[in-house]
Amino acid sequence: MNTVEVTTRGAVAEVRLARPTTKNAIDRAMWDELAEAAKRLEADASVRAVVLSGAGGNFSSGLDLSGSGDAHHLTKMRFWGSVVSLWHNFPKPTVAAVSGVCVGIGMNLALGCDFVVADETARFSEIFAKRGLCVDGGGSWLLPRLIGLHRAKELVLLGDFVGAEQAREMGLVREVVPVGELDDHAAQLADRLAAGPTIALSLSKSLLNASFDTSYGQALEAEARAQTISAATEDVKNAVRAFHERTEVVFRGR
């Protein structure tokens, strides 16, 4: 890959957007490589959590309009949406590690992760309105669920930049860490997730993602089915054994 760097450390993979001279603006090549990375890491059973980050002190300046291809705009929008969806629905826990600018569709790519950790340099903006565009990248779905409708309208209709601490107060960011400590904090969180019961976490993530679109009764039925699957895993047997033996449980992810 030329625009996305993928490295692994134990059960954690790091996917780093790597066009630092453009503040990691996402062009067609990067979209293709983000899709490839998602599919490859989903199929890799040894990977149990993923950190998504950006090179050169920035997460992403959003879409690279100069390198988005020649297809009809609707076709391109559907493709970009399909890639963002791959990451939002990724069946393993994901952590976005954000420094510097995180705007537009790049911001919504980050918000689609399960956790967002930022350092003090992070600046977020749903910048679309300032470019004469409407929100995309799943922002119209994610933001009201994360921070409420009025706050979502504030971000989208004004397009202002929000600093790291304000983003944390709004509920966009889990924690803000000092400059130079972002990678360590994101890695520690990813390690904790990777050490968990992978199948159960995946099922719970899917249930939570669907929660606003299902009734209470549908949620209970979906939980019953998911719990039946997780109850049959080796991880549950290990957890029960550890409980009876009063030892620390070690989840194997199967």
Side-chain angles (χ1 to χ4, degrees), residues 2-4 15-35 37-38 52-89 96-113 116 118-173 176:
N2 298 314
T3 66
V4 174
V15 177
R16 190 181 295 270
L17 311 183
R19 298 185 70 216
T21 58
T22 66
K23 297 183 179 179
N24 302 317
I26 309 175
D27 64 359
R28 176 58 197 244
M30 185 179 283
W31 284 120
D32 288 338
E33 292 180 9
L34 279 169
L52 186 62
S53 65
N58 293 287
F59 186 82
S60 174
S61 57
L63 180 68
D64 184 345
L65 294 171
S66 67
S68 59
D70 298 324
H72 190 281
H73 194 74
L74 180 59
T75 300
K76 291 188 288 186
M77 285 294 304
R78 286 172 172 164
F79 172 63
W80 303 333
S82 72
V83 180
V84 171
S85 181
L86 281 174
W87 284 103
H88 175 66
N89 294 310
V98 177
S99 60
V101 296
C102 183
V103 305
I105 201 167
M107 175 175 172
N108 293 330
L109 177 65
L111 295 182
C113 292
V116 181
D119 72 14
E120 295 167 333
T121 71
R123 299 167 65 236
F124 300 84
S125 173
E126 295 285 345
I127 203 166
F128 303 96
K130 293 188 175 181
R131 302 291 183 263
L133 297 168
C134 66
V135 62
D136 67 24
S140 65
W141 190 93
L142 289 164
L143 288 167
R145 287 163 169 78
L146 291 171
I147 60 175
L149 182 58
H150 282 166
R151 282 288 204 177
K153 288 180 178 178
E154 179 183 344
L155 289 182
V156 171
L157 302 186
L158 297 177
D160 291 337
F161 274 88
V162 173
E165 280 296 341
Q166 187 178 355
R168 184 188 62 78
E169 292 169 2
M170 295 175 78
L172 294 171
V173 170
V176 178

Query raised in the report: To the nearest 0.5 Å, what is the distance between CG (Leu172) and CG (Leu143)?
Result: 6.5 Å
**Report entry** Evaluation steps, side chain to side chain contact (heavy atoms under 4.5 Å, CB included), between Arg28 and Phe79
**Finding:** CA-CA 10 Å; Arg28 176 58 197 244; Phe79 172 63; 3.6 Å; yes
With a cut-off of 3.5 Å and sequence neighbours excluded, list every side-chain donor-acceptor pair involving residues 17-26.
{"from": "Arg19", "atom 1": "NH1", "to": "Ala25", "atom 2": "O", "distance (Å)": "2.8"}
{"from": "Arg19", "atom 1": "NH1", "to": "Asp64", "atom 2": "OD2", "distance (Å)": "2.9"}
{"from": "Arg19", "atom 1": "NH2", "to": "Asp64", "atom 2": "OD2", "distance (Å)": "3.3"}
{"from": "Thr22", "atom 1": "OG1", "to": "Arg19", "atom 2": "O", "distance (Å)": "2.9"}
{"from": "Thr22", "atom 1": "OG1", "to": "Ala25", "atom 2": "N", "distance (Å)": "3.1"}
{"from": "Asn24", "atom 1": "OD1", "to": "Arg19", "atom 2": "N", "distance (Å)": "2.8"}
{"from": "Asn24", "atom 1": "ND2", "to": "Ala55", "atom 2": "O", "distance (Å)": "2.9"}
{"from": "Asn24", "atom 1": "ND2", "to": "Asn58", "atom 2": "O", "distance (Å)": "2.8"}
{"from": "Asn24", "atom 1": "ND2", "to": "Phe59", "atom 2": "O", "distance (Å)": "3.3"}

Requested in this report: State the CG-OG1 distance between Asp32 and Thr3, to the nearest 0.5 angstrom.
Outcome: 8.5 Å
Residues 149-164 side chain polar contacts: donor-acceptor under 3.5 Å, at least two apart:
none

Requested in this report: Assess whether atom CZ of Arg16 is packed by more than 12 heavy atoms of other residues, nucleotides or ligands within 6.0 Å.
Outcome: yes
Query raised in the report: Among Val83, Asp27, Asn2, which one satisfies side chain to side chain contact (heavy atoms under 4.5 Å, CB included) with Glu33?
Result: Asn2
Query raised in the report: About how many Å separate CG of Leu109 and CG of Leu142, when rounded to the nearest 0.5 Å?
Result: 10.0 Å
Requested in this report: Using the six-membered ring wherever Trp is involved, compare the ring planes of Trp31 and Trp80 and label them parallel, tilted or perpendicular (cut-offs 30° and 60°).
Outcome: parallel
Query raised in the report: Going through the distances and angles, do Asn108 and Val84 end up as a side chain to side chain contact (heavy atoms under 4.5 Å, CB included)?
Result: CA-CA 8 Å; Asn108 293 330; Val84 171; 5.6 Å; no
Report task. Calculate, to the nearest 0.5 Å, the distance between atoms CG and CH2 belonging to Leu111 and Trp87 respectively. Result -> 15.5 Å
Report summary line: Checking Val103, Val101, Val173 against Phe124 for side chain to side chain contact (heavy atoms under 4.5 Å, CB included), the one that qualifies is Val173
**Report entry** Residue pairs fulfilling salt bridge (Lys or Arg N to Asp or Glu O under 4.0 Å) with at least one residue in residues 131-142, sequence neighbours excluded
**Finding:** none
Query - Pairwise distance CZ(Arg145) to OG(Ser140) - rounded to 0.5 angstrom - result: 8.5 Å
Query - Heavy-atom closest contact (Ala110 atom, Cys102 atom, distance) - result: CB-SG, 3.9 Å
